[in-house]
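Only a predicted model underlies this, so the values are computations on that prediction, with no experimental measurement involved. Below, chains carry the letters A, B, ... as their sequence lines are ordered, and counting in each starts from 1.
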Amino acid sequence: MSRDLILDGLNPQQKRAVKHTKGPLLVFAGAGSGKTRVIVHRVANLIIRGVSPKEILCLTFTNKAAGEMKDRLRAILGEEAPVWAGTFHAFGAWFLRQEASRIGYPSSFAIYDEADQRSLISKCLKELDIKPGRGMSGALAWLANFARDTMQDLNEIACGLPFDPYPVLALYEKRKRESHAFDFADLIFAPLTMLSSDEDLRDAYRSRFPYLLVDEYQDTNPAQYLLLMSLAGDGGNLCVVGDDDQAIYGWRGADVGNILKFRDDFPRAQVVVLEQNYRSTGAILEAASSLICHNRHRVPKDLKSVRGRGKEVAVREFTDDAMEAAGIAQAIEKLIASGASPDSIGVLYRVNSLSRVIEEAFAQWRIPYTVYRGTRFYENREIKDLLAYLRILVNPRDEEALARVINVPHRGVGEKTIDILRQYARDRRIPIAYAVGEAVIDRVVSGAQLKGLEEFHRIYAEIVCRAGMNDIASILGGILEVTGYEEALKTEPDGEDRVNNIRELIASTVDVRDIGRYLEEKSLMSRLDKDAGEERVSIMTLHMSKGLEFNYVFIPGLEEGILPHSRSMDTDRGIEEERRLLYVGITRAKKEVSLSWSKYRTIYGREEFQTPSTFLPEILQEDAPAVTELCAENS
DNA sequence: CCGAAAAAGATTTTT
DNA sequence: TCTTTTTCGG
């Protein structure tokens, strides 16, 4: 693409952002303001002006965003540009593959996800003779991550645990290191510590990537922020793009303050505010603005629509949640009957539990829908099991992976036996996977347990043998064959689905030579990128809707305790984030928004009396009186 | 070691 | 209500 085409069709603010090449740049990209376009065109502009693609580092939060960036760059430049684009965590993993030896890790390290982390933490609790209690390992995992994500000391964080978390997490760190594993927080934290303490290393990476670009900057946490600062240096060519009004991950340690104080960090920073909205109608933007204006900690913005006024935002009141769901179903049916495509419609709610009534109503009204739920493909048990077999091939010290599969399918190896094995390996300082064979020879257990161990040892040896000469898909197939896992699954209740998932995994496995890289990719990916955008209405949480758009948006459950959620209502910060959440939801819509609330709602099997959300009056404008309809439909 | 049963708790979840 | 996690008995 030629130089002038890069700026073609962009508005003045967008042009300013794209033309900027040197020094720090802050782009406030309001909802629907063509953010991705600006980012991609800016990168293309840098390349056309002679910056080597290899010198550009683009950091995002999701694989999807990174993929889209790369696709669109390829579309503009006509070829694959070797720009480094990926998530913060992928960058951390890439960095560590190269540099891990500096902190005593091999480059074949494992990456522990939340489940691995929780499981290791409960083992540490047991080892220290602390009675776990419900959800304790989850709370500790949260604490460990939150501490490193926010760069806080453990005892600075009030968590109300009945014991001192420090020894547990210290043991966790020790065990994790012995397993040559990093958890998600480490992928940011470890590179950060290495870069902060080693000036040469810092200089090396600074000169490797003189151009930095960060998407969704409002969602960076303190650790990511510091990592970025050590990569950027003082006068760095750092471009950050984000929208403080769409910061909805504070509860995970993200700090909106980062985007708000960018100008203090870089006084020379150019600032561009993208206020031209290409997505929504005027009425929708007006409602969104009048809502978000109630937040005190924000940069004022005035989104302008390029489309007409459009239909007013509707607020509907219902008697109970079933009627609300039926009302939404009915409205959607009407939309579809008048020609709207189901996949241009989204139902967005605060909590997953609201999906149920909606689903029931949709089933009744025969409305095709897809629920985007929390359960992610790679978190399915069967997928994790299969990948765990692969993990112990790459890293035989990976205790979590081994503990996961040594008794899958059942072969009589229980927790006790694993404990003995773990101790055995630790005493001899050998990888736990190698300890199995020796433990069998030493007869550390007897009877059924010994038989089980022997069997696992045989299986492991067989897999190791096959792994040497096959591609990954065949290795996976081999694992299924040798272990008899597929047959075992078929006897389970949901076995058929699980077997299908496994098939899907194998089918999607393209030949990568390096198993380690394959596993890295899988552990950093949440769902299989499969656009289920066929003729179906989308149902999801407000969080998941960020970055998407629909012609028609329905947001039910606008009640005190739900939106704003009861767990976020005590602080101003909490309320502001809830408000942003609703703002994100409303600004997903191109044509119409319908908000609703119910006087009665069944919550955890109990019928509760609800009051309308404080946010509703903030949206209502005097010239557009609330449309109150009582849905008389029976269910 | 495994299954059943009881108890407790139940936002959001980019990686 | 329903799911997850712990405990207890065979």
Side-chain angles (χ1 to χ4, degrees), chain A residues 59-67 86-93 111-115 117-119 122 125-126 131-139 141-142 145-146 149 182-189 215-216 218-221 223-224 246-254 348-354 356-357 372-376 378-379 407 410-418 445 447-449 452 520-527 540-548 557 561-569 574 577-578 580-582 584-585 602-608:
Chain A
L59 295 174
T60 63
F61 279 85
T62 65
N63 293 301
K64 202 176 150 209
T87 63
F88 271 92
H89 291 84
F91 174 76
I111 297 173
Y112 278 4
D113 67 8
E114 264 157 55
Q117 187 181 36
R118 259 205 316 273
S119 139
S122 14
L125 280 166
K126 216 187 286 168
K131 289 259 176 291
R134 195 160 327 283
M136 204 55 85
S137 52
W142 178 86
N145 295 331
F146 195 80
D149 286 346
F182 290 117
D183 59 29
F184 282 152
D186 290 330
L187 294 180
I188 309 299
F189 191 76
D215 191 16
E216 306 278 16
Q218 78 281 357
D219 287 333
T220 46
N221 62 39
Q224 289 161 334
Q246 292 185 67
I248 54 176
Y249 285 99
W251 52 277
R252 285 192 84 203
L348 316 175
Y349 40 69
R350 177 65 238 260
V351 286
N352 282 120
S353 59
L354 291 199
R356 210 162 111 187
V357 241
Y372 292 79
R373 274 210 194 73
T375 0
R376 293 170 289 227
Y378 289 101
E379 271 163 26
N407 201 31
H410 294 314
R411 49 179 84 94
V413 181
E415 214 173 319
K416 261 258 175 60
T417 312
I418 297 174
V445 287
Q449 284 91 312
E520 174 185 314
E521 194 190 305
K522 297 302 166 204
S523 38
L524 296 179
M525 202 190 312
S526 51
R527 80 191 59 250
M540 67 184 82
T541 61
L542 288 159
H543 282 92
M544 292 187 73
S545 75
K546 193 169 84 166
L548 304 178
I562 292 188
L563 184 54
H565 194 273
S566 50
R567 303 270 292 244
S568 314
M569 285 166 64
E577 184 153 310
E578 296 291 302
R580 289 193 292 263
L581 207 41
L582 178 55
V584 166
T602 311
I603 300 169
Y604 304 138
R606 235 203 214 97
E607 182 153 273
E608 306 279 0

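Residues satisfying the side chain to side chain contact (heavy atoms under 4.5 Å, CB included) test with A/E608, not counting sequence neighbours, are A/I603, A/R606, A/Q610. Residues that satisfy the side chain to side chain donor-acceptor pair (under 3.5 Å) test with A/R118, not counting sequence neighbours, are absent from this structure. Not counting sequence neighbours, the partners of A/N221 by the side chain to side chain donor-acceptor pair (under 3.5 Å) test are A/Q224. With sequence neighbours excluded, the residues forming a side chain to side chain contact (heavy atoms under 4.5 Å, CB included) with A/T417 are A/V413, A/V445, A/Q449, A/L453, listed by chain and number. Taking the ring pair (Phe, Tyr, Trp, His ring centres under 6.0 Å) definition, one finds that A/H565 meets it with nothing, sequence neighbours left out.
Here A/E578 lies in heavy-atom contact (under 4.0 Å) with a base. If you check every strand for non-hydrogen atoms under 4.0 Å, A/F88 touches nothing.
For a distance-only test at 3.5 Å, the side chain of A/R118 fails to qualify as a donor-acceptor partner of the base of C/dT5.
Comparing A/H410 and A/I248 by the nucleotide of DNA chain B whose heavy atom lies nearest to each, the residue mapping closer to the 5' end is A/H410. Of the two residues contacting DNA chain B, namely A/A90 and A/V413, the nearest-nucleotide position lying further toward the 5' end is that of A/V413.
For A/M136 and C/dT5, the CE to P distance is 13 Å, given to the nearest whole Å. Taking atom CD1 of residue A/I603 and atom P of nucleotide C/dT3, one finds them 18 Å apart after rounding to whole Å. Going from atom NZ of A/K126 over to atom P of C/dT7 covers 10 Å, rounded to whole Å. Rounded to whole Å, the distance from CZ on A/F189 to P on B/dT15 is 22 Å.
Which of B/dT13, C/dC2, B/dT15 sits closest to the side chain of A/F184 comes down to B/dT15. Listed nucleotides: B/dT13, B/dC1, B/dT15. Nearest to the side chain of A/T417: B/dC1. Taking the side chain of A/R567 as heavy atoms from C-beta on, and the options B/dT13, B/dT15, B/dA10, the nearest nucleotide is B/dA10. Comparing B/dT15, C/dT1, B/dC2 by their nearest atom to the side chain of A/T62 picks out B/dT15. Candidate nucleotides B/dT13, B/dT11, C/dC2 were compared by shortest atom distance to the side chain of A/H565, and B/dT11 ranks first. Distance from the side chain of A/R350 is smallest for B/dT12 among the nucleotides B/dT12, B/dT13, B/dC2. Side-chain proximity of A/Y604 to C/dT1, B/dT15, B/dT12: nearest is C/dT1. Comparing B/dT13, B/dT15, B/dT11 against the side chain of A/E114 picks out B/dT15 as the nearest.
Taking the O4'-C1'-N9-C4 or O4'-C1'-N1-C2 dihedral as appropriate, B/dT11 has a value within 90° of 0 and is therefore syn.
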query: Pairing of DNA chain B as dot-bracket, 5' to 3': ( ) intra-strand, [ ] crossing, | other strand, . unpaired, with Watson-Crick or G-U pairs under 3.5 Å?
result: ||||||||||.....
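The minimum heavy-atom distance between A/R252 and A/E114, with the atom names listed, is NH2-OE2, 4.2 Å.
By the stacking rule of 5.5 Å between ring centres and under 30° between planes, A/W251 stacks on the base of B/dT12. A/H89 does not qualify as a stacking partner of the B/dT15 base, lacking a centre-to-centre distance under 5.5 Å together with planes within 30°.
Within the 4.0 Å cut-off from OP1 or OP2 of B/dT13, at least one side-chain nitrogen or oxygen of A/T541 is found. Between A/N63 and B/dT15 there is a side-chain polar atom (N or O) within less than 4.0 angstrom of OP1 or OP2.
With contacts defined as side-chain heavy-atom distances shorter than 4.5 Å, the pair A/F61/A/T220 qualifies.
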